[in-house]
Amino acid sequence: MHRAPDGTAYALTGPTDGAVVVLIHGLGLNNACWQWTTPALQDRFRVLRYDLYGHGQSAPPPETPSLALFSAQLAGLLDHCGMEQASIVGFSLGGMIARRFAQDAPHRTHALAILHSPHKRSPEAQKAIQIRVDQARVEGPQATVEAALERWFTDRFRHANPAMMEQVRGWVTANDIGIYHTIYRVLADGVDEIVTPDPGLSCPTLVMTGDEDHGNSPEMARAIAAEIPGAQTVVLPGLRHMALAEDPPAINGPLRDFLDRSHTSPAPSDGAAIKRHLRDAFGRFATGVTVVTTRAADGAPRGFTANSFTSVSLDPPLLLVCVAKAAHSCPAFAAADHFAVSILADDQRDVSGVFASQSPDKFALVNWHEDLNAMPLIDGALASFSCARHQLVDAGDHLILMGRITAFETTQGQPLGYYGGSYFDIGLDRAVTDAATAGKVSVAAVLAHENGVLLVESPEGNVTLPTDITVQALTDTLAQKALSPQLDHLYAVYQVTGTGAQRIVYHGRVDGAPRDGLRYHDLGALPLDRVRDDAERALLRRYAQEHRFGSFGIYHGTETEGVVHTLAGHNTYHI
């Protein structure tokens, strides 16, 4: 989890160039309630999930809670993450916050998905929720949690899944007794702020609920949709309030379809949507990845990740890069006499991520050195170019910065590729294709969590990597065990010589509390003696070593002999 300056705890998954989808949880819960939804979205979308003030790991509310306060929390979080616009998915109280945010910031709301959220209540229903608020004020969240579980889950599911009930119960009862009831009151009284919005909402909208969710009924869902032109309503048969946990596919299917449509079919009059659509089209051109660097007037190093780089001329030696005018470092590049470009290698995705972020400490997080003009060059880059400014051209929302190359360096290795918002490894694609078509294939993952890794323990005490027959099967299996995996890149592709089977291993990250034979193991104390497979033992030993230095290779070969793709050799040229 990351933390914003106001104390908001948040997590980001999915491609860094993907359209942003924000997930807002309901009262008493935390961002972990999206563990069944995130895997269905993060292959395409940049998913931002966070804890509301007073929930999970976030700070208490800085003032009396209200929908306006929670809307401002979301706006501040988007600002912190450098996100101009997002599709907002809100569950229950989160759906109310999503509607309030769409009223407060319509220009930042691309689309709305409102899940199991209330509209105007009957006098009887309003009286019932006020009674629960008063109970929570006196006795805390434990006073209402058991009745809540009955409203949230069908009887059949609740009795068959005691472990999940305990998990959800724990989320609710962990809330502070002095804060919980004040936020409960927002759920009770805040509806008046968002019923019949003026001005009205006009973004693409999906409204969903269960036909047994009596506190957020189908009639309420239809009333919400009736206030938003073109809104779609989906009623889930046989489900109550927590359908996202009880039957994830029932929620995830319509939600993913809606988000896909809203991000691939822009209306001609929607300029922002057309820009995103055009960006997707540009993304069909596969490129390498560079880091462009310079010095500001005060000498501070500045840099950003770019794939808008190209050679221009050999005589004289010229190249160009494009600098977004919205970038924080744009003024520094526009004024600089010199700059440099480093072409990244396939093991430098972390470097790319650092310079694509808004981190103020980028240069403290990577290894670099200076050229003869004191311009920063990234250590281990496939090629680095030192440049004197040749020409600066104003071009729409970018500046074209052309440089005359004064020196360059090259090394041997594989480039970091970028296509359609995702990285790919040139040179290993054939190996993966061969593996995928060679018959018997297994897919495993080295999944990091803080300073540990997720492993499977058998009843006999043996330890293995999480494994399944396909990537989707693996992520689905882990999601069913309340974990949220994100596979980042290949870590190993090898053949088992005795059987001819192919083994594909990914590197990634995982969140959630492991159970059912799954456990996090500290990298400093891996149970290698209990790993029966020699190849897995060697792979885990390599991972623990690479993790210490923050640089990962990709293994290709057999279970006994192969190559880890790393950089080698170094040549320097001056002009």
Quick one: are the ring centres of [X] and [Y] less than 6.0 Å apart?
X	Y	result
Phe304	His328	no
Phe363	Phe355	yes
His241	Phe153	no

With side-chain contact (heavy atoms from CB on, under 4.5 Å) as the criterion, how do Leu465 and Leu454 come out once you've worked through the C-alpha distance, each side chain's angles and the decisive distance to 0.1 Å? CA-CA 7 Å; Leu465 293 171; Leu454 182 69; over 6 Å; no
Can Arg542 be said to sit on top of Tyr491's aromatic six-ring, NZ or CZ under 6.0 Å from centre and within 45° of the ring axis? yes
Is there a side-chain contact between [X] and [Y], using heavy atoms and a 4.5 Å cut-off?
X	Y	result
His80	Tyr10	yes
Cys81	Leu77	yes
Ser352	Leu416	yes
His507	Tyr543	yes
Glu246	Met164	no
Met165	His159	no
Val446	Val505	yes
Thr290	Leu344	no

Between [X] and [Y], what is the shortest heavy-atom contact and its length?
X	Y	answer
Leu523	Ala544	O-CB, 4.0 Å
Leu377	Ser384	CD2-CB, 3.9 Å
Gln73	Ser58	NE2-OG, 4.4 Å
Leu540	Leu526	O-CD1, 3.8 Å
Leu29	His55	O-CD2, 3.3 Å
Arg537	Arg532	NH2-O, 3.7 Å

Check: Could you go step by step and tell me if Tyr520 and Val510 meet the side-chain contact (heavy atoms from CB on, under 4.5 Å) rule?
Finding: CA-CA 10 Å; Tyr520 295 131; Val510 64; 3.7 Å; yes
Please answer whether the main-chain N or O of [Y] pairs with a side-chain N or O of [X] as donor and acceptor at a distance below 3.5 Å.
X	Y	value
Glu536	Asp533	no
Asp51	Asn31	yes
Lys481	Pro514	no
Asp511	Gln35	no
His25	Leu52	yes
Asn161	Arg158	no
Asn175	Trp171	yes
Ser92	Gly26	no
Asn462	Ser458	no
Arg519	Glu457	no

Straight-line distance of [X] [atom1] to [Y] [atom2], nearest 0.5 Å:
X	Y	atom1	atom2	result
Ile469	Leu474	CD1	CG	10.5 Å
Asp155	Leu149	CG	CG	11.5 Å
Leu239	Trp152	CG	CH2	15.5 Å
Gln348	Ser342	CD	OG	8.5 Å
Asn307	Thr287	CG	OG1	3.5 Å
Leu244	His116	CG	NE2	6.5 Å

side-chain contact (heavy atoms from CB on, under 4.5 Å) between Ile251 and Trp36, worked out
CA-CA 10 Å; Ile251 288 279; Trp36 302 281; over 6 Å; no
Between Asp516 and Leu518, does a side-chain contact (heavy atoms from CB on, under 4.5 Å) hold up when you go through it step by step? CA-CA 6 Å; Asp516 299 339; Leu518 296 169; 5.7 Å; no
What do the steps show when you test Arg261 against Asp257 for salt bridge (charged side-chain N to carboxylate O under 4.0 Å, His left out), and what is the final call? CA-CA 6 Å; Arg261 290 196 309 272; Asp257 288 346; 5.3 Å; no
| Step-by-step side chain to side chain donor-acceptor pair (under 3.5 Å) determination, Gln42 to Thr13 | CA-CA 6 Å; Gln42 64 187 11; Thr13 56; 3.1 Å; yes
Open item on the list: Closer than 4.0 angstrom, basic N to acidic O: yes or no for Arg295 and Glu370?
Closed with: yes
**Study point:** Residues Asp17, Arg46: salt bridge by 4.0 Å N-O rule
**Key:** no
_Classify the ring geometry of Trp34 against Phe91: parallel below 30°, tilted from 30° to 60°, perpendicular beyond 60°._
perpendicular
Exactly one of Leu539, Val443, Thr467 clears side-chain contact (heavy atoms from CB on, under 4.5 Å) with Arg503, and that residue is Thr467
Between Phe385 and the options Val321, Asp371, Ile343, the side-chain contact (heavy atoms from CB on, under 4.5 Å) test singles out Ile343
Test log, rule side chain to side chain donor-acceptor pair (under 3.5 Å), inputs Glu84 and His110 = CA-CA 10 Å; Glu84 178 183 354; His110 175 79; over 6 Å; no
Exactly one of Asp476, Thr470, Asp468 clears side chain to side chain donor-acceptor pair (under 3.5 Å) with Gln472, and that residue is Asp476
